[in-house]
Amino acid sequence: MNDMKQRKSEDVRLNEESAALPFFSSSEKEQQTKKSTFWFVTVLVVMSILLMLSVASTVGLNEKAVEISHLKEEIKALEKQRDEYVSEMDKKNDMVAFEQYAINNLGMLKGSLIQDDDREDKIE
């Protein structure tokens, strides 16, 4: 009986120790290490992709801001040029109005319309 008890206790001890045998425990540790390594690499890849997308969007926004700045400068230059043209056109329109008033109301003649006598000034 004593022998039976000893065998049973050895069997129980073997069952308990079999889970902790070096061969099995290293296999389980390797699987756990592989799983944790896989998840670590996966998280690292996802984070790096998100970081790259963030940097790319920031660069894109910066490029658009620079482009907008250049377009605003071009708009200002074109508005200035337009104002100069409008001013020049107003001056010309004023001159035409003055000329029309002088011809129609005052009876003045334009320099090229004046009929000259066929006189020639001669120095003698």
query: Rounded to the nearest 0.5 Å, how far apart are CE of Met108 and OH of Tyr101?
result: 10.5 Å
field: Path from Val43 to Leu51 over hydrophobic side-chain contacts below 4.5 Å
entry: no
field: Sequence-distant partners of Gln100, side-chain contact (heavy atoms from CB on, under 4.5 Å), two or more places apart
entry: Val96, Asn104
Sequence neighbours excluded and cut-off under 3.5 Å, please list the side-chain donor-acceptor pairs for residues 64-87, or say none.
unit_1, atom_1, unit_2, atom_2, d
Gln81, NE2, Tyr85, OH, 3.0

message: Just verifying a value: how many Å separate Thr37 OG1 and Glu30 CD, rounded to the nearest 0.5 Å?
response: 11.0 Å
task: Determine yes or no for a side-chain-to-main-chain donor-acceptor pair under 3.5 angstrom, with Ser54 supplying the side chain and Leu50 the backbone.
output: no
- line: Taken to the nearest 0.5 Å, the spacing of Lys35 NZ from Gln31 CD works out to 6.5 Å
query: If you round to the nearest 0.5 Å, how far is CD of Glu88 from NZ of Lys91?
result: 7.5 Å
message: As an exercise, state the distance from CG of Asn62 to OG of Ser57, rounded to the nearest 0.5 Å.
response: 11.0 Å
- prompt: Sequence neighbours excluded, which residues qualify as side-chain contact (heavy atoms from CB on, under 4.5 Å) partners of Ser36?
  reply: none
- prompt: With hydrophobic residues grouped by side-chain heavy-atom distances under 4.5 Å, do Val45 and Leu53 end up in a single group?
  reply: yes
